[in-house]
Amino acid sequence: MAWSQDEERMLLQIERHLVDEDPRLAARLESFNERVQRKEGGGGRKRGAKKGRGRAVRRLRRSTVIIMFSWLLIATLIATLLIMVLRHEAAAAFPL
């Protein structure tokens with residue numbers, strides 16, 4: 001299933017934001033993706049494989065990593081907010 005233009009644009013914005021905010025993490029993720037591709041590909045292309053397919057698979061993998069990172073960030077933010085709220089309620093329940 002192909003990405004819509006809006007989805008691709010949003011993913012590119014997320015990727016650019018990640019590179020701007022944490023270039024080391026972005027470089028590490030890119031390096032990891034390259035190592036996985038080399039491992040899965042066996043170093044060379046199979047005969048008869050279509051040229052454009054490799055690029056689509058790379059884009060899909062990169063998108064998957066970006067989406068996973070985004071969900072991890074969202075979950076971390078929600079957990080942090082819940083901890084802050086619970087601490088605030090506990091402090092309010094026992095005033096000094």
Side-chain angles (χ1 to χ4, degrees):
M1 185 169 123
W3 296 101
S4 71
Q5 288 181 344
D6 288 336
E7 290 169 330
E8 283 196 35
R9 182 181 47 79
M10 288 171 31
L11 289 172
L12 286 172
Q13 287 176 348
I14 292 170
E15 182 180 9
R16 274 189 241 119
H17 183 70
L18 172 63
V19 170
D20 292 342
E21 290 295 316
D22 196 349
R24 286 181 57 204
L25 177 62
R28 291 170 85 184
L29 290 172
E30 185 66 31
S31 173
F32 175 76
N33 284 340
E34 290 172 1
R35 282 183 278 157
V36 169
Q37 288 172 4
R38 280 194 302 260
K39 184 178 178 182
E40 288 178 353
R45 270 206 177 133
K46 294 180 182 177
R47 289 182 186 168
K50 293 183 180 179
K51 253 185 173 177
R53 187 172 186 270
R55 194 175 318 136
V57 170
R58 268 195 311 272
R59 187 175 296 147
L60 176 64
R61 286 187 191 132
R62 184 178 356 161
S63 300
T64 303
V65 170
I66 291 170
I67 290 169
M68 287 173 47
F69 179 77
S70 299
W71 278 108
L72 178 66
L73 182 62
I74 290 167
T76 303
L77 290 172
I78 290 172
T80 303
L81 287 172
L82 284 173
I83 290 169
M84 289 174 61
V85 166
L86 292 175
R87 283 187 180 173
H88 179 71
E89 288 177 0
F94 299 104
L96 294 177

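Numbers for residues simply follow the sequence, beginning at 1.
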Next item on the list: Evaluate the side-chain proximity of Q5 to E8: yes if any heavy-atom separation is below 4.5 Å, no if none is.
Entry: no

Check: Shortest non-hydrogen contact from I66 to L11?
Finding: CD1-O, 4.1 Å

Please output the side-chain donor-acceptor pairs of residues 19-32 that fall under 3.5 Å, not counting sequence neighbours, one pair per line with the distance.
residue : atom : partner : partner atom : Å
D22     : OD1  : L25     : N            : 3.3

Run the side-chain donor-acceptor check on residues 79-88: report pairs under 3.5 Å with partners two or more places apart or on a different chain.
residue : atom : partner : partner atom : Å
T80     : OG1  : T76     : O            : 2.8

Item checked: Cluster check M10, L12: I/L/V/M/F/W/Y, side chain < 4.5 angstrom -> no

Next item on the list: Could you point out which residue of R16, H17, E15 forms a side chain to side chain contact (heavy atoms under 4.5 Å, CB included) with Q13?
Entry: R16

Margin query: Let me check something: do L73 and I78 share a hydrophobic cluster, defined by ILVMFWY side-chain heavy atoms less than 4.5 Å apart, either directly or through other members?
Written below: no

